[in-house]
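For reference, the structure discussed in these notes is given below.
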Amino acid sequence: MAESLINNLPGTRDLLPEELAGWHIVEDRARHIFRQYGFLEIRTPIIEPTELFARGIGEDTDIVGKEMYTFLDRSDRSVTLRPEATASVVRAYIQNTMYRGSGTTKLYYLGPMFRYEKKQKGRWRQFYQIGVEAFGSDHPALDAEIIEMALRLMDSLEVKAKLLINSVGCKKCRPLYTENLRQALQSEFGSLCDDCRRRANTNSLRVFDCKIERCQPVIGKLPVIADNLCSECSGHFKSVQKYLDDAGIPYEIATRLVRGLDYYVRTAFEIVSGDLGAQNALLGGGRYDGLSEVIGGPPVQAIGFALGLDRLTMVLPEQQRESGIWKPDLFIVYKGDAAFTKAMHIAREMRHLRQTCYMDFSAGSLKSQMRLANRMDAAHVLIVGEEELARDSYTIKRMDDSRQWVVSLPELAQYLQSCSTSGNSR
RNA sequence: GUGAGCGUAGCUCAGCGGGUAGAGCUCUGGAUUGUGGCUCCAGCGGCCGGGGGUUCAAAUCCCCUCGCUCACCCCA
């Protein structure tokens, strides 16, 4: 477009009311379900010292290496727009000494994240996540409970998705495994693609992400991490599976599932959709028992997940989205100046009675006001004209079946309250 | 950062073997002087992303640029 002033930055976007209908459904449902499991909201700053993310997420990750919105503020302090929230929540947990006392601390958050990446379907530079973090336990039942909660949210939104789980080991057994992997890859070096040759040396776990045909035979024969766990991790992983089985939760063990953030240990999981193209992860999470110490806190066991609101709303069934669309219970149309004043009075009264009531001040003819009411899908229209004014009783019309009749104002109030039990408010 | 495709009315797009723009939907008004949805009629609405070049003539051909989209990488 010609004028640059009326264009948003690449990878950002405006979320308009119509689209937000689906977002609100997701957010409301998430808050409700999270509360059922005892998760309470936390809000942390969107901007943090760069070092928090660099250390917390890992210097070698893509996020830290090339995707952060980092800049110097006016006092030359390096700050970064959060690329994810886990590091922030852990920081807040430590800073506010929430680890004091017993029991598990369960928190959830919701808000925008920023990563400087190239725009793609389901991927933005400013994107939104809802996430949860549970601190203070490494009990495998907690892993299973969190996964169950994530799936319950999907179910309640009628989103079809698949659960993938894996264990990525711990500080003790993962280095041994990755070394094995590296050696196995070296012996097959000749039959690997260029990318995999690079990965073999830098980040051997990543070869499992390769989609190149010629690498598949090699990848298929590589040792699997689940078979190379230490006894503690192996036991933990088996327990998680047992709890999932007990809950009747179907899952797929994805031996190639390795998450891109350094802090994950043991349980790693993803929920993926078949309707999203290349960026198909709706939700990703895992255990990060060592993260607190990495950023200078006490040892804290923890697990959490983040779900992508942008992606989830993309696969939200139309019916769910529609349930969030605003519509007035009552649309008041008027004709003439005296009627206009009266209509305003009526609107005020009905709103006192908690009705959703709409009038339009720009519309002209009755007809155009009616048309607006129809387009907004108003349940009822109240007609205030000269005749109605004269006898102080008004015509109410049901828009779905076109029935209309005359009511006094008390009758109107009573009628509206009787049919607004099936709550519609937003 | 790399590659491919695409930028024409508010939206979805046609027009692209050069000759100064079209459809559907939307919107406004009318048929129905105080009543929506359906139908019919009329109207509003475009520096054809921006800049340069070729030509008598460019939405159409060439170059550059900006933007969008999808994919790679990686992730939500």
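Letters go in sequence order (proteins before strands), and every chain restarts at 1.
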Q: Measure up the A:Phe361 and A:Phe340 rings against each other and bin them: parallel (under 30°), tilted (30 to 60°), perpendicular (over 60°).
A: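 Perpendicular, since the angle between the ring planes exceeds 60°.
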Residue-level proximity of [range] to RNA chain B when a heavy atom falls under 4.0 Å:
{"range": "residues 125-132 of chain A", "value": "A:Phe127, A:Gln129"}
{"range": "residues 108-116 of chain A", "value": "A:Arg115"}
{"range": "residues 279-287 of chain A", "value": "A:Gln279, A:Ala281, A:Leu282, A:Leu283, A:Gly284"}

Q: Starting at CZ of A:Arg403, measure out to CD1 of A:Ile396 and round the result to the nearest 0.5 Å.
A: 10.5 Å
**Q.** Spacing of A:Lys397 atom NZ and A:Leu330 atom CG [to the nearest 0.5 Å]
**A.** 14.0 Å
Could you check which nucleotide pairs with [N] in any of the strands shown, counting Watson-Crick or G-U wobble with both distances under 3.5 Å?
{"N": "B:G7", "value": "B:C66"}
{"N": "B:A21", "value": "none"}
{"N": "B:C72", "value": "B:G1"}
{"N": "B:U32", "value": "none"}
{"N": "B:C38", "value": "none"}

For residues 341-348 of chain A, please give each side-chain donor-acceptor pair under 3.5 Å, one per line with the distance, not counting sequence neighbours.
unit_1: A:Thr341; atom_1: OG1; unit_2: A:Asp337; atom_2: O; d: 3.3
unit_1: A:His345; atom_1: ND1; unit_2: A:Arg348; atom_2: NH1; d: 3.3

Q. In B/S/- notation, 5' to 3', how is nucleotides 28-41 of chain B contacted by protein heavy atoms closer than 4.0 Å?
A. -S--B-BBBB----
Rounded to the nearest angstrom, tell me the gap between atom [atom1] in [X] and atom [atom2] in [N].
{"X": "A:Lys119", "N": "B:A71", "atom1": "NZ", "atom2": "P", "value": "9 Å"}
{"X": "A:Gln120", "N": "B:C74", "atom1": "CD", "atom2": "P", "value": "12 Å"}
{"X": "A:Lys121", "N": "B:C70", "atom1": "NZ", "atom2": "P", "value": "6 Å"}
{"X": "A:Asn7", "N": "B:G50", "atom1": "CG", "atom2": "P", "value": "13 Å"}
{"X": "A:Leu163", "N": "B:A76", "atom1": "CG", "atom2": "P", "value": "15 Å"}
{"X": "A:Glu18", "N": "B:C11", "atom1": "CD", "atom2": "P", "value": "14 Å"}
{"X": "A:Arg123", "N": "B:G1", "atom1": "CZ", "atom2": "C1'", "value": "12 Å"}
{"X": "A:Tyr264", "N": "B:A76", "atom1": "OH", "atom2": "C1'", "value": "10 Å"}

Q. Taking only residues two or more places apart in sequence, or in another chain, which ones meet A:Tyr177 in a ring pair (Phe, Tyr, Trp, His ring centres under 6.0 Å)?
A.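 By the ring pair (Phe, Tyr, Trp, His ring centres under 6.0 Å) rule, A:Tyr177 matches no residue at all.
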Q: Name the residue closer to the 5' end of RNA chain B, choosing between A:Pro10 and A:Leu307 according to the nucleotide with the nearest heavy atom.
A: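 Looking at RNA chain B, the more 5' nearest nucleotide goes with A:Pro10.
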Q: Assign each of A:Lys66 and A:Gly308 to its nearest nucleotide of RNA chain B by heavy atoms, then name whichever residue's nucleotide is nearer the 5' end.
A: A:Lys66
Using atom [atom1] in both nucleotides, what's the gap between [N] and [M] to the nearest angstrom?
{"N": "B:G1", "M": "B:G17", "atom1": "C1'", "answer": "39 Å"}
{"N": "B:C48", "M": "B:A9", "atom1": "C1'", "answer": "10 Å"}
{"N": "B:U28", "M": "B:C38", "atom1": "P", "answer": "13 Å"}
{"N": "B:A21", "M": "B:G34", "atom1": "C1'", "answer": "42 Å"}
{"N": "B:G53", "M": "B:U20", "atom1": "P", "answer": "23 Å"}
{"N": "B:A59", "M": "B:C72", "atom1": "P", "answer": "38 Å"}
{"N": "B:A42", "M": "B:U35", "atom1": "P", "answer": "24 Å"}
{"N": "B:C41", "M": "B:C56", "atom1": "C1'", "answer": "43 Å"}

(Q) Considering every strand and a 4.0 Å limit on heavy-atom distances, what is the contact class for A:Glu67: base, sugar-phosphate, or nothing? (A) sugar-phosphate
Hey, can you pull the donor-acceptor pairs under 3.5 Å for the side chains in residues 373-381 of chain A, sequence neighbours left out?
unit_1: A:Asp377; atom_1: OD2; unit_2: A:Lys327; atom_2: NZ; d: 3.1
unit_1: A:His380; atom_1: ND1; unit_2: A:Asp329; atom_2: O; d: 3.3
unit_1: A:His380; atom_1: NE2; unit_2: A:Tyr415; atom_2: OH; d: 2.9

Q. Is there a donor in the side chain of A:Glu133 and an acceptor in the side chain of A:Tyr288, or the other way round, less than 3.5 Å apart?
A.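 Per modelled atom types, A:Glu133 and A:Tyr288 side chains form a pair under 3.5 Å.
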Q. If you measure only the distance, is there a donor-acceptor pair under 3.5 Å linking the side chains of A:Ser408 and A:Ser393?
A. no
Q) What are the two closest heavy atoms between A:Asp289 and A:Ala302, and how far apart are they? A) OD1-N, 3.0 Å
Q | Those residues that, when tested against A:Arg91, pass salt bridge (Lys or Arg N to Asp or Glu O under 4.0 Å) (two or more places apart) | A | A:Glu48
Q) Can you name the salt bridge (Lys or Arg N to Asp or Glu O under 4.0 Å) partners of A:Glu270, sequence neighbours left out? A) A:Arg259
Between the protein and nucleotides 2-5 of chain B, which nitrogen or oxygen pairs are less than 3.5 angstrom apart?
unit_1: B:U2; atom_1: O4; unit_2: A:Lys118; atom_2: NZ; d: 3.2

State plainly whether the residues [X] and [Y] are in salt-bridge range, i.e. N to O under 4.0 Å.
{"X": "A:Glu41", "Y": "A:Arg43", "answer": "yes"}
{"X": "A:Arg287", "Y": "A:Asp143", "answer": "yes"}
{"X": "A:Asp401", "Y": "A:Arg398", "answer": "yes"}

Compile the donor-acceptor pairs under 3.5 Å between side chains in residues 303-319 of chain A and protein atoms, sequence neighbours left out, one pair per line.
unit_1: A:Asp310; atom_1: OD1; unit_2: A:Tyr128; atom_2: N; d: 2.8
unit_1: A:Asp310; atom_1: OD2; unit_2: A:Arg13; atom_2: NH2; d: 2.4
unit_1: A:Arg311; atom_1: NE; unit_2: A:Gly122; atom_2: O; d: 2.6
unit_1: A:Arg311; atom_1: NH1; unit_2: A:Ala281; atom_2: O; d: 2.9
unit_1: A:Arg311; atom_1: NH2; unit_2: A:Gly122; atom_2: O; d: 3.1
unit_1: A:Thr313; atom_1: OG1; unit_2: A:Trp23; atom_2: NE1; d: 3.4
unit_1: A:Thr313; atom_1: OG1; unit_2: A:Leu309; atom_2: O; d: 2.8
unit_1: A:Thr313; atom_1: OG1; unit_2: A:Asp310; atom_2: O; d: 3.0
unit_1: A:Glu318; atom_1: OE1; unit_2: A:Arg321; atom_2: NE; d: 3.4
unit_1: A:Glu318; atom_1: OE2; unit_2: A:Arg321; atom_2: NH2; d: 3.0

Contacts under 3.5 angstrom, residues 106-118 of chain A side chains, donor-acceptor by atom type, not counting sequence neighbours:
unit_1: A:Lys106; atom_1: NZ; unit_2: A:Tyr37; atom_2: O; d: 2.9
unit_1: A:Lys106; atom_1: NZ; unit_2: A:Glu145; atom_2: OE1; d: 2.9
unit_1: A:Tyr108; atom_1: OH; unit_2: A:Arg31; atom_2: NH1; d: 3.1
unit_1: A:Arg115; atom_1: NE; unit_2: A:Pro83; atom_2: O; d: 2.8
unit_1: A:Arg115; atom_1: NH2; unit_2: A:Pro83; atom_2: O; d: 3.0

**Q.** A:Glu18 atom CD: more than 12 heavy-atom contacts under 6.0 Å
**A.** no
Q. Can you find a heavy atom in the side chain of A:Gln320 that is under 4.5 Å from one in the side chain of A:Leu157?
A.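 Yes, side chains in contact.
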